[in-house]
Amino acid sequence: MRLSDCHGFHDFRELARRRLPGPIFNYIDGGADDEVTLRQNTASFERCDLVPNVLRGVEAVDLSVTVMGQKLAMPLYCSPTALQRLFHHQGERAVAAAASKHGTMFGVSSLGTVSLEELRKAYATPQVYQFYFHKDRGLNRAMLQRAKEARVDVMMLTVDSITGGNRERDLRTGFSIPFRLTLAGMLQFAIKPAWGLNYVTHERFSLPQLDEHVDMSGGAMSIGRYFTEMLDPSMTWKDVAEMVRAWNGQFCLKGIMSVADAKRAAEIGCTGIVLSNHGGRQLDGSRAPFDQLAEVVDAVGDRLDVMMDGGIQRGTHVLKALSLGAKAVGVGRFYLFPLAAAGQAGVERALGLMRAEIERAMKLMGCTSIDQLSRDNLRFR
Ligand SMILES: Cc1cc2nc3c(=O)[nH]c(=O)nc-3n(C[C@H](O)[C@H](O)[C@H](O)COP(=O)(O)O)c2cc1C
């Protein structure tokens, strides 16, 4: 199987599965507990249908949107994800390059493996910095300042990870940073030597967003301990309001689900929210963002930009979310499997196929611009 054999999400996932050691594939693929929410995220799109209009003159379609002050060539961006150089040695560099080529936004995680400054200098396309809130307020201020100096476009605070999700696949394989593999997990690495060769012949693994502040080297601090010891479970709306004021720019909360929280986000001056359950990796049994979208848009859609992520695998999923009122959608695994499968070429191919799918679906729907999509062209069963 080669990259040219990949025509959709499941093909990229299969190629990634063949190339990655099992523990790494399962870290990307898996969710929390019984993975009910993980499955619901995609299943939720199948509970409604698009109702097309025809004969509308659709030779030219404009897919651009403006979200959080950023003009994007298509209504889909690469959501921030951790540890990308572990999946492919090009890591964030590949994702940023592909996003830039397709004129869209990409996120850099606090647990990213390439520095936000390097990516900012290399690409002009809109860049998000994903932030975790630390107990040490001085550290939070320093990190905000650093992102400001780097001229990051959007600050995105993740609020659904106040404690780590229970990812049982990782417990079984021993996946953690640093690695604490079980015997079965080690065997999985041994049978994928090409990954290991790539890993040891490229730049050493590091977490440049944190290295300055936290000693993650030599096993001194694991990512698990980082979450439990350094992040602040006592974080409240008051803390976030202060952060919004300090940032004084595009500020978005990732992981909002309830109408009450969406309203509070608007009240404290956030310019956007992302409805998200972290790709089903945190609270299993929580609702799919797509199912929750309409009521949140109705409540706050005129006060801030509502986005969503979770389970998006098809252009038609994007059209359904936009029809309900999302301004744009984020994807995680949709670009992570292509990254793992083939680096930059993989992410470029996946985003290109997605762009073509959105454009084709728009034409078949009889729409020439995103603002023509509305709830009129959607029916729930
Ligand atoms: C492997 C992996 C790592 C992730 N790391 C982060 C992260 O560091 N910070 C964050 O806010 N979200 C993280 N996410 C969540 C994504 O940003 C996004 O919300 C989610 O992947 C969307 O669901 P999807 O994968 O079904 O598209 C991660 C997701 C995956 C799959």
Side-chain angles (χ1 to χ4, degrees), residues 1-6 9-31 78 80-98 108-115 118-119 164 167-211 214-227 279 281 332-350:
M1 190 182 193
R2 287 172 311 190
L3 181 58
S4 55
D5 298 320
C6 294
F9 177 84
H10 294 285
D11 298 330
F12 288 110
R13 178 177 177 274
E14 176 57 20
L15 189 54
R17 196 185 63 75
R18 292 183 191 194
R19 300 212 163 153
L20 287 174
I24 300 185
F25 173 79
N26 280 304
Y27 169 71
I28 302 173
D29 195 49
C78 297
T81 56
L83 311 181
Q84 291 177 19
R85 279 202 295 115
L86 210 56
F87 313 148
H88 187 280
H89 64 266
Q90 295 170 348
E92 286 83 353
R93 295 180 182 112
V95 177
V108 182
S109 168
S110 280
L111 299 173
T113 51
V114 175
S115 82
E118 179 192 321
L119 297 166
R167 310 197 188 145
E168 292 182 1
R169 292 203 214 185
D170 296 346
L171 297 177
R172 282 184 209 110
T173 62
F175 181 92
S176 67
I177 299 293
F179 287 137
R180 287 209 167 71
L181 296 170
T182 58
L183 201 62
M186 271 181 223
L187 200 69
Q188 291 295 313
F189 275 77
I191 60 174
K192 297 282 165 62
W195 179 91
L197 193 68
N198 249 324
Y199 185 69
V200 295
T201 53
H202 289 93
E203 182 190 339
R204 203 167 159 262
F205 180 83
S206 67
L207 298 169
Q209 269 59 257
L210 296 181
D211 280 349
V214 187
D215 183 11
M216 305 286 284
S217 63
M221 172 75 86
S222 70
I223 286 190
R225 272 184 61 205
Y226 165 74
F227 268 85
R281 299 162 75 79
R333 296 176 184 86
F334 182 83
Y335 75 84
L336 286 177
F337 288 133
L339 171 68
Q344 183 177 335
V347 185
E348 278 184 17
R349 182 173 171 87

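Sequence positions, counted from 1, serve as the residue numbers for this chain.
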> Given V95 and L339, is the side-chain contact (heavy atoms from CB on, under 4.5 Å) satisfied, shown in steps?
Replying inline: CA-CA 7 Å; V95 177; L339 171 68; 4.1 Å; yes
Nearest-0.5 Å distance that lies between atom [atom1] in [X] and atom [atom2] in [Y]:
X    : Y    : atom1 : atom2 : answer
M1   : D11  : CE    : CG    : 4.5 Å
Y335 : F12  : OH    : CZ    : 14.5 Å
L187 : T173 : CG    : OG1   : 12.5 Å
L336 : T81  : CG    : OG1   : 4.0 Å
F9   : F334 : CZ    : CZ    : 8.5 Å
L15  : C6   : CG    : SG    : 4.5 Å

Quick one: are [X] and [Y] in side-chain contact, heavy atoms under 4.5 Å?
X    : Y    : value
L20  : K192 : no
Y226 : L207 : no
R172 : T182 : no
P338 : E348 : no

Side-chain ([X]) to main-chain ([Y]) donor-acceptor, under 3.5 angstrom:
X    : Y    : result
D5   : R2   : yes
R349 : A342 : no
Q344 : R93  : no
Q209 : V114 : yes
R85  : G91  : no
R281 : I28  : yes

> Which residues pass the side-chain contact (heavy atoms from CB on, under 4.5 Å) test with A82, sequence neighbours left out?
Replying inline: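 Y27, S109, L111.
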> Hey, do the aromatic rings of F337 and F25 have their centres closer than 6.0 Å?
Replying inline: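 They qualify: ring centres under 6.0 Å apart.
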> Take atom CD1 in I191; do more than 12 heavy atoms of anything else shown fall under 6.0 Å from it?
Replying inline: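 Yes, enclosed.
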Nearest heavy-atom pair of [X] and [Y]: which atoms, and what distance?
X    : Y    : answer
Y199 : F205 : OH-CB, 3.2 Å
A94  : G343 : CB-C, 4.0 Å
P23  : G185 : CG-O, 3.7 Å

> Do R169 and D29 sit within salt-bridge range, that is, some charged N less than 4.0 Å from a carboxylate O?
Replying inline: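 D29 and R169: salt-bridged.
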> Can you check side-chain contact (heavy atoms from CB on, under 4.5 Å) on N26 and F175, steps first, answer last?
Replying inline: CA-CA 9 Å; N26 280 304; F175 181 92; over 6 Å; no
